[in-house]
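Since the structure comes first, as structure tokens, the remarks are kept for the end.
Proteins come first, then strands; the chains are lettered A, B, ... in the order of their sequence lines, and each starts at number 1.
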Amino acid sequence: METRYNFTQTEKEIYALWEKAGAFNPDTVVVSPDRDPQEKKHFSIIMPPPNANDPLHVGHALFVTIEDILIRYHRMLGEDTLWLPGTDHAGIETQFVFEKKLQKNKQSRFDFDRSTLYSMIWDYVQENSGIAVEQIKQLGASADWSRYTFTLDEKVVEDVLETFKNLHKDGLVYRDFRLVNYCTKCGTSYSELEVDHIDSTSPLYYVKYPFIDTEEEFITVATVRPEPIFADTHLAVNPTDKKHAYLVGKQVKNPLTGETMTIIADEYVDPEFGTGIVKLTPAHDPNDFEIAKKYDLPINIAITPQGKLTDIAGKFAGLSVVNGRKEIVAYLEEQGYIDHVDTKYQNRIGICYRCKRPIEPLPLPQFFIKVNDDETSLVGNALKALDSGETKIHGAGREKILRHWLNSLKDWNISRQIVWGIGIPVWYPIEGNESKITVGFLNTDKKFIQGTLETLLEENTLEEIKAGIQTVLADASLEYIVSTTPPSDGLWIQETDTFDTWFSSAQWPVVTLKNTKPGDFERFYPTSVMETGYDILPFWVMRMMLLGIYSTGKSPFSDVYLHGLVRDAKGNKMSKSKGNVINPLEVVAEYGADSLRMALVIRSTPGQDKSVGEPDFKAMRNFGNKIWNASRFALLSHDPKSTEAQNDAEFYKKLADVVAESSSLLEKLQVGLAADYIYNEFWHWFCDTSIEEQKAGTLSSTAILEGIVTFMKLLHPFMPFVTESIWQELHSEKLVDSEALITTPWPAI
RNA sequence: GAACUCGUAGCUCAGUUGGUUAGAGCGCUACAUUGACAUUGUAGAGGUCAGAGGUUCGAGUCCUCUCGAGUUCACCA
């Protein structure tokens, strides 16, 4: 053996050795051949699928490490162990990256029909999808690659669609014309979870509305959004507001259009805020939308999905929201309709979590999943799983946060106006509805045309329209059918919206196990541990509970381990602009995968952020070297004829304690603590004390060898490469029987 | 406005159900070392565990309050 552990040579060979031994696959792995398979407990983890086209970052390295530790431990226990890997198509993220590429070529998504764009993105993802997988392997992940699944695999998509059909059949899916969170830049709607809120100082305009009968008199209304005034038809005051009671039923003039507006009363209005009078903009404010529905007020749309003012804006039509606001304010000022402006008004505005631009509430017909209408709702069942302990959350108070999310969850908008995703399997009947279906498509000359089918069919055939289709917008009143195949009778046109990526991700534990190998679902569901970052608790974990319980009656996992963010050595968040981003592959190249793994996991706590840096990698590289050299010592000093020494009994007792404590910590998912504990016992007890005792002759070399063999097993889940590498040396010296450490039974407790 | 988390050695952090002299890594001081390892060893300095009160035989650990930091949610024109 060399005096220093050389990881660069060994890591690739070792990984190949494991793969060759079939160690990752529960169907081929043999750990405890004498154990009755009937008695075997199962242990399964579904790997959180990384985005197929993203390279690895340090967060991936953390989840790979934690999951691999648990998997290796349970595999060594002889349990039926599966770690199922996969990748995610990541709808919006991926389409956005692809659109940036298009932009460089001076193209946009609107230059292509849907199926062309889809297959372009498909090819792009295929080119990149191998990268993440290869990188995960470099970290030593002992996942069963024979069961690798992609979210757009045919069978997965079939099952996702099936769930939608079932939800629809059970009345849990509905289509409704509602205000949705729309990003005019990204060109799609989002669920409430994708909207961030930021503090903002926005001018608050006090606008004068003259009375219709006595034009010299007016009332004043405060607004931060003057630009859709032309779409407003009503003002409102609080019915209990004595000061303004006289206004109810009175009529004023719309300062932009001159049309008559009636003042109504509703409790929603806060008499203390602003002037105590609000303008109602039902199409662009959630509260106003509710009031409009209540009183059946007209919903005039002022802003298009492209973020432009609509035709009813008259001379302002076509302007962007921002420019429209400027010009409209200037016009109102000119006309004397601006009383004053509060420039220091503090509010919070919703922005797109991706592009950080303001979210526009827009009325659109979309598909929603009912989450919370009664006790047996999706939310109700998820809460029951938490109450009963069927699913336990590990991670610094995150269970309370999850409950808070569940209790305040609104119906889930699953429609996205993008191409890269699973199409919603909904069809609208054309005959008799031509005027209620608006489509946008590229005609045979590749020119974009938009209009109702009624007008478009005059100059184009239905086949031409379908071939170049980009968007279908069917009136909310239309009947529709849910079908995964084109309906055979009559003329139909398919919905062009795709599912929120999280709608398929939410079914991941179910749709993977149902499609890997026959029997996998029965064998491995519910899974044992779901390990992921706390930042996607509401997006993913919560929704997996909602849909997992819906599809199977059982919560998809019994424990949820939420790891924290990886921060830099000073505890700062990593970001490209700060230049403090750790590239896991660079660390692997310089210090070895074992060092990276151990540095990430040692003393980490679920739900708590972890800071790591160069000194940590170095320290763990030193630890790997320490392991290597202690083993070298054991080999060099090994004497088959050595006799028992005075401290042997005490040594074996302590060694048994270390095994018991390590096992107990791992059983309790205290991975960071286990790593710290084994580190200390190995270095500061075994090396500093026991080896010195052996040198002094008070401990036998047999005991030292036994210590090394045991510690290799205990350390293997954490630092698989160096320990396996030593095991191979021990095996070639015929000091251990089993051929590979990865499939060697965990020491008996 | 609310919830959650955190405040432990110079720095970054562990410390599970409350139980003997509070730990690790890095850093610091002194010394050692050519047959496991300088990617080392030995010894040491350094902590009134944010502060105050309480429960307890016993509190870094549980409760209350105060101060400070962070994260997230809500919100009204």
Sort out the partner of [N] for me: Watson-Crick or G-U wobble, both distances under 3.5 Å, none otherwise.
N	result
B/G27	none
B/G46	none
B/A9	none
B/U71	B/A3
B/G19	B/C57
B/C76	none

Heavy atoms only, 4.0 Å cut-off, all strands: where does [X] land among base, sugar-phosphate and nothing?
X	answer
A/Asp688	sugar-phosphate
A/Thr605	sugar-phosphate
A/Val269	base
A/Asn287	sugar-phosphate
A/Ala619	sugar-phosphate
A/Glu614	nothing
A/Tyr679	sugar-phosphate
A/Arg603	base
A/Asp270	base
A/Arg398	nothing
A/Leu635	nothing
A/Trp628	nothing
A/Lys400	sugar-phosphate

Can you confirm whether the side chains of A/His394 and A/Asp559 place a donor and an acceptor under 3.5 Å from each other?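 Yes, a side-chain donor-acceptor pair sits under 3.5 Å.
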Begin with the C-alpha distance, continue with both residues' side-chain angles, and end with the deciding distance and a verdict on side-chain contact (heavy atoms from CB on, under 4.5 Å) for A/Leu62 and A/Lys610. CA-CA 10 Å; A/Leu62 179 59; A/Lys610 165 84 177 161; 5.6 Å; no
Taking the side chain of A/Trp405 as its heavy atoms from C-beta onward, which of B/U5, B/C73, B/A36 lies nearest to it? B/C73
What are the two closest heavy atoms between A/Leu402 and A/Leu386, and how far apart are they?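 The pair with the smallest heavy-atom distance is CD2-CD1, 3.9 Å.
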Using the side-chain contact (heavy atoms from CB on, under 4.5 Å) definition, which of the options A/Phe633, A/Phe686, A/Trp727 pairs with A/Ile708? A/Phe686
